[in-house]
Amino acid sequence: MSKVIFGLGSNLNNPVIQLQTAVENLGRFFTLHRVSNIYKSQSLLKDEQEDYYNIAVLAETDKLPQKILSITQKIEKDMGRIKLKKWGERVIDIDIIDYNREIIKLYNLEIPHNNMIYRSFVLNPLKDIMPEYIHPVLNISVQDMINSLEDDYNITICQNKFIFL
């Protein structure tokens with residue numbers, strides 16, 4: 001079995017409920033072990049979008065990364081996600097942040113997630129579920145990645161231990 005880390009985000013249609021629904025949907029396909037606190041932050045674009053709510057989920061699976069991507073995209077679609085613009089508003093976004101600490105580069109998938117080191121809303125939830133995490137390419141800890149952030153997007157914990165399990 002492989003460990004997979006998901007990063008989830010939402011800023012539309014009651015984001016906390018969207019996160020809960022997405023976690024329940026992930027639980028239909030994967031064995032879920034941990035869910036982070038819920039974090040609230042401004043958008044990557046720092047525009048007029050509503051604030052984002054983000055969590056990380058640690059799961060276990062026998063599925064390969066391409067199959068996992070297919071499942072997460074179907075969950076997003078079934079929940080009503082429509083991609084209108086890059087980094088635009090969304091009902092749900094489910095990213096594969098890490099897969100068994102492997103380095104995977106495919107035309108439609110890069111693991112570990114290529115922008116995770118710049119995003120407080122990925123790193124802080126990741127630290128909640130796996131404080132010992134070491135980036136498989138950079139070989140640095142999640143805490144060191146957090147410490148090196150240039151912008152934290154005004155991140156705050158908005159709900160402690162919102163555990164769905």
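- T72 contributes atom OG1, which lies 8.0 Å from atom CG of D95 (distance to the nearest 0.5 angstrom).
- There is no side-chain donor-acceptor pair under 3.5 Å between N14 and Q18.
- With rounding to the nearest 0.5 Å, the separation of CZ in R119 from CG in N54 is 10.0 Å.
- Sorted by first and then second residue, the salt bridge (charged side-chain N to carboxylate O under 4.0 Å, His left out) pairs with a member in residues 99-110 read K105-E110; sequence neighbours excluded.
- Of all heavy-atom pairs between L8 and A22, the closest is CD2-CB, 3.5 Å.
- Smallest separation of non-hydrogen atoms from I104 and P65: CD1-CG, 3.4 Å.
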**Request:** Decide yes or no on side-chain contact (heavy atoms from CB on, under 4.5 Å) for H113 and V122, but give the supporting numbers first.
**Result:** CA-CA 10 Å; H113 191 281; V122 172; over 6 Å; no

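- Smallest separation of non-hydrogen atoms from D128 and P131: O-CD, 4.2 Å.
- No option in V4, I94, V23 other than V23 meets the side-chain contact (heavy atoms from CB on, under 4.5 Å) test with V57.
- Nearest heavy-atom pair across P136 and I103 is O-CD1, 3.9 Å.
- With M116 as the partner, the side-chain contact (heavy atoms from CB on, under 4.5 Å) test is satisfied by one option alone out of D98, I5, L126: L126.
- Not a single donor-acceptor pair under 3.5 Å links the side chain of N11 to the backbone N or O of V91.
- In this structure, the separation between CG on L12 and CD on E50 is 8.0 Å, given to the nearest 0.5 Å.
- Side-chain atoms of T21 come within 3.5 Å of backbone N or O of I17 as a donor-acceptor pair.
- Clustering ILVMFWY residues whenever any of their side-chain heavy atoms sit less than 4.5 angstrom apart, transitively, puts I129 in a cluster other than the one holding I134.
- Nearest approach of I111 to Y99, heavy atoms of both residues: CG2-N, 3.4 Å.
- Taking CG from N25 and CD1 from I75, the interatomic distance works out to 5.0 Å, rounded to the nearest 0.5 Å.
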**Message:** Does Q66 form a side-chain contact (heavy atoms from CB on, under 4.5 Å) with L109? I'd like the steps, not just the answer.
**Reply:** CA-CA 8 Å; Q66 284 285 50; L109 181 62; 4.3 Å; yes

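- With 3.5 Å as the limit, one finds no donor-acceptor pair spanning the side chains of Y52 and D93.
- Atom CZ of residue F29 and atom OG1 of residue T61 lie 10.5 Å apart, to the nearest 0.5 angstrom.
- For E60, the side-chain contact (heavy atoms from CB on, under 4.5 Å) criterion is met by M1, T31, H33, not counting sequence neighbours.
- Residues I117 and L149 come closest through the heavy atom pair O-CD2, 3.3 Å.
- Rounded to the nearest 0.5 Å, atoms CD1 (I92) and CG (D78) are 12.5 Å apart.
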